[in-house]
2 protein chains.
Amino acid sequence: MAGIKDVAAEAGVSVATVSRVLNAHPSVSEAARARVLAAVETLGYRPNAVARSLRTDQTRTLGLVISDVLNPYFTELARSVEEAARALGYSVIIGNADERPDLQDHHVRTLLDRRIDGLLVSPTDGGTPLMLEAARGGTPIVFVDRWIPGIDVPVVRADGRAAIGDLVAHLYGLGRRRLAIIAGPAATTTGSERVEAFRAALAGHGLVLPDAYVGQGDFQAASGRRATERFLALPEPPDAVFAADNLMTLGALDALRAHGLRIGADIALAAFDDIPWFVHTDPPVTAIAQPTGELGRAAVHALAALIDGGTPPSVTLPARLVVRRSCGEGAPNPRSEQ
Amino acid sequence: MAGIKDVAAEAGVSVATVSRVLNAHPSVSEAARARVLAAVETLGYRPNAVARSLRTDQTRTLGLVISDVLNPYFTELARSVEEAARALGYSVIIGNADERPDLQDHHVRTLLDRRIDGLLVSPTDGGTPLMLEAARGGTPIVFVDRWIPGIDVPVVRADGRAAIGDLVAHLYGLGRRRLAIIAGPAATTTGSERVEAFRAALAGHGLVLPDAYVGQGDFQAASGRRATERFLALPEPPDAVFAADNLMTLGALDALRAHGLRIGADIALAAFDDIPWFVHTDPPVTAIAQPTGELGRAAVHALAALIDGGTPPSVTLPARLVVRRSCGEGAPNPRSEQ
DNA sequence: CTGAAAGCGCTTACAG
DNA sequence: CTGAAAGCGCTTACAG
């Protein structure tokens with residue numbers, strides 16, 4: 001593969017000049033520029049990004065460590081992150097933690113070794129030593145969706161509190177009184193916050209959330225199924241189940257179906273995170289939608305600002321309830337979809 | 001951040017010795033090894049992968065350019081690719097082409113500039129100049145799922161021909177006679193092959209595939225909806241629709257639902273690519289499942305072999321029909337799921 | 001077993 | 001406007 005020296009030779013200039021035209025440095029004569037460009041063209045020269053990175057100490061690359069690629073929410077987040085990053089001239093390398101702290105650390109380490117310019121992460125847990133070290137080590141980091149208390153970096157996330165309040169009101173209005181939740185890991189912020197918001201909303205209606213109605217999940221499908229099975233085995237099973245993410249909803253759907261329950265009639269089901277498939281499930285699933293695209297963009301902009309030496313603020317965007325039919329037939333909601 | 005020189009100083013050895021212990025070179029005394037390891041520990045040293053890559057001319061990184069991250073099929077493929085690559089000591093950088101040749105080229109170029117050791121791609125089109133150039137340029141490449149005729153590199157894919165035959169037989173057995181297909185872009189191999197297999201299978205039953213029954217899609221949801229709308233506007237609409245991927249199926253579901261049609265009764269619907277959500281749609285969707293995880297693993301192994309100077313063969317794995325209820329109620333199929 | 005030194009392909013002050 | 005040279009952080013023959 002042709003190197004910068006070959007281009008210099010072909011154009012009859014020094015490598016310094018070649019470098020200058022490639023980097024749009026102003027002081028290069030038109031004649032030299034033209035010759036270099038021509039040489040680049042005929043040799044099919046492509047600069048070696050590895051060498052450039054070593055020299056400039058920047059890779060123009062962002063790392064994104066997400067909790068689970070199989071989760072459509074994160075996949076959509078990844079897409080918007082890459083798009084926003086590309087617009088800013090950054091590439092992004094995605095690491096999938098699969099909800100495992102060890103895998104998360106593996107990716108963070110690899111990314112750090114590659115000297116990415118900044119890191120976007122939705123932490124799988126309460127904070128591994130490596131995570132803390134990376135933050136202290138001066139690597140620009142911003143948390144997306146989930147964050148780690150005690151690590152002082154910008155956080156970009158959606159606040160589901162109000163939407164969860166709307167959901168509980170919706171369920172209450174439909175006559176549901178025994179509301180249960182399938183939570184994510186308590187070590188994650190989204191895991192604990194959603195339960196707290198749910199509990200608070202119930203209290204607002206004079207309802208309590210018994211321990212037996214808090215299923216412990218891990219944000220993946222199988223755990224949603226297990227938690228649901230456990231609910232159904234209770235002497236007094238819940239009449240409404242709220243799953244804290246879309247994958248656990250999938251598991252809940254499996255379990256409910258297996259028990260022959262009519263969702264929306266025998267039992268209500270709602271999800272955190274809205275995805276295209278929820279319009280087509282049987283029945284369509286009522287869900288809380290996050291402004292995923294905006295979150296991705298805001299996270300990238302915050303990270304870019306951090307890299308540029310700024311001190312971007314945290315961003316919290318509202319989530320909203322999208323009523324469909326899985327909780328029962330209510331009055332047509334203005335915000336609902338077909 | 002501590003560099004190799006700091007470690008050498010701390011351990012009282014040369015950088016060469018530090019490098020040797022880090023790379024598990026045999027000729028290092030136990031004493032030196034211990035001191036270096038201790039120094040690495042106390043300084044929290046992490047080798048700079050950029051510098052190492054420049055020197056060794058290998059990045060231990062694979063590039064994966066997929067057609068669309070929002071497609072669960074590719075997302076699952078990406079996951080298995082990363083897993084298999086990690087087991088072999090490679091990282092993978094994913095590029096999402098969004099079914100756009102220009103975006104695909106952008107990612108291929110970026111990946112090449114980064115000097116990835118090998119490239120895995122499911123091409124969005126018939127072959128851009130860059131793609132051809134990269135292949136000729138000596139970069140180890142293997143195609144996954146889709147391939148480009150004329151570029152002689154290993155191809156790892158599933159053959160859906162037999163499964164499509166099974167599907168057509170299934171539809172025929174259910175009394176369907178007006179079968180339509182929503183195809184992917186003709187420039188992609190999966191776009192054209194699935195139509196051809198479908199047409200051949202129809203012929204086997206004495207049926208023809210009229211041009212009006214071949215909807216032109218682009219593998220994304222909106223096109224599935226448009227093609228379906230067009231089918232329904234026909235004087236004689238089809239009584240069965242086969243969508244060539246899961247995203248277009250989503251669009252077809254939208255359109256069918258909007259027209260108030262009962263899927264499985266008024267009209268049959270089947271999909272290429274099986275995903276977890278199809279079990280829970282209304283009705284559950286009959287689909288052709290690819291051995292996605294195996295494809296990802298096989299692709300990585302082929303690419304690794306290529307990088308190591310081998311000449312791995314192409315791999316073709318069978319796809320299989322998973323009968324559910326979207327084509328109508330047939331005899332319970334042994335291979336069907338709940 | 002160990003170290004001094006060259007070199008990977010670039011960029012960028014420094015002179016001119 | 002241009003070039004010679006240093007240097008980014010490693011690895012690896014080459015001597016010893």
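Lettering of chains follows the sequences in order, A, B, ..., and the numbering in each one begins at 1. Side chains included, hydrogens not; waters and symmetry mates left out as well; all remaining heavy atoms used.
- Whole-Å rounding puts the B/R35 CZ to C/dC1 P distance at 14 Å.
- Out of C/dG3, D/dG3, D/dC1, the shortest distance to the side chain of B/S14 is found at C/dG3.
- Formation of a donor-acceptor pair under 3.5 Å by the A/N96 side chain with backbone atoms of A/V69 is found in this model.
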For each nucleotide in nucleotides 9-16 of chain D, reading 5' to 3', give B when a protein heavy atom comes within less than 4.0 Å of its base, S when such contact involves only the sugar-phosphate, and - otherwise.
BBBBB---
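- Contact annotation: the side chain of B/T75 approaches that of A/L70 to within less than 4.5 Å [non-hydrogen atoms, C-beta and beyond].
- Pairs of residues two or more places apart, or lying in two chains, never qualify as side chain to side chain donor-acceptor pair (under 3.5 Å) while including a residue from residues 291-306 of chain B.
- No more than 12 heavy atoms of other residues, nucleotides or ligands lie within 6.0 Å of CD in B/E41, so this atom counts as exposed by the packing criterion.
- No donor-acceptor contact under 3.5 angstrom links the side chains of B/R114 and B/T59, judged on distance only.
- Comparing C/dG16 with C/dT12, their C1' atoms are spaced 16 Å from each other, to the whole Å.
- At the heavy-atom level, B/A49 lies nowhere under 4.0 Å from the strands shown.
- Side-chain contact check for A/V50 versus A/S53: every heavy-atom pair is 4.5 Å or farther apart.
- Here the C1' atom of nucleotide D/dC8 and the CD atom of A/Q58 are 13 Å apart, to the nearest Å.
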Could you spell out the base pairing of DNA chain D as a dot-bracket line? Use Watson-Crick and G-U wobble contacts where both distances are under 3.5 Å, [ ] for crossing pairs, | for partners on a different strand.
|||.||||||||.|||
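- For the pair B/D218 and B/E99, the minimum side-chain heavy-atom distance is 4.5 Å or more.
- For the residue pair A/T110/B/S91, the side-chain donor-acceptor check at 3.5 Å is not satisfied.
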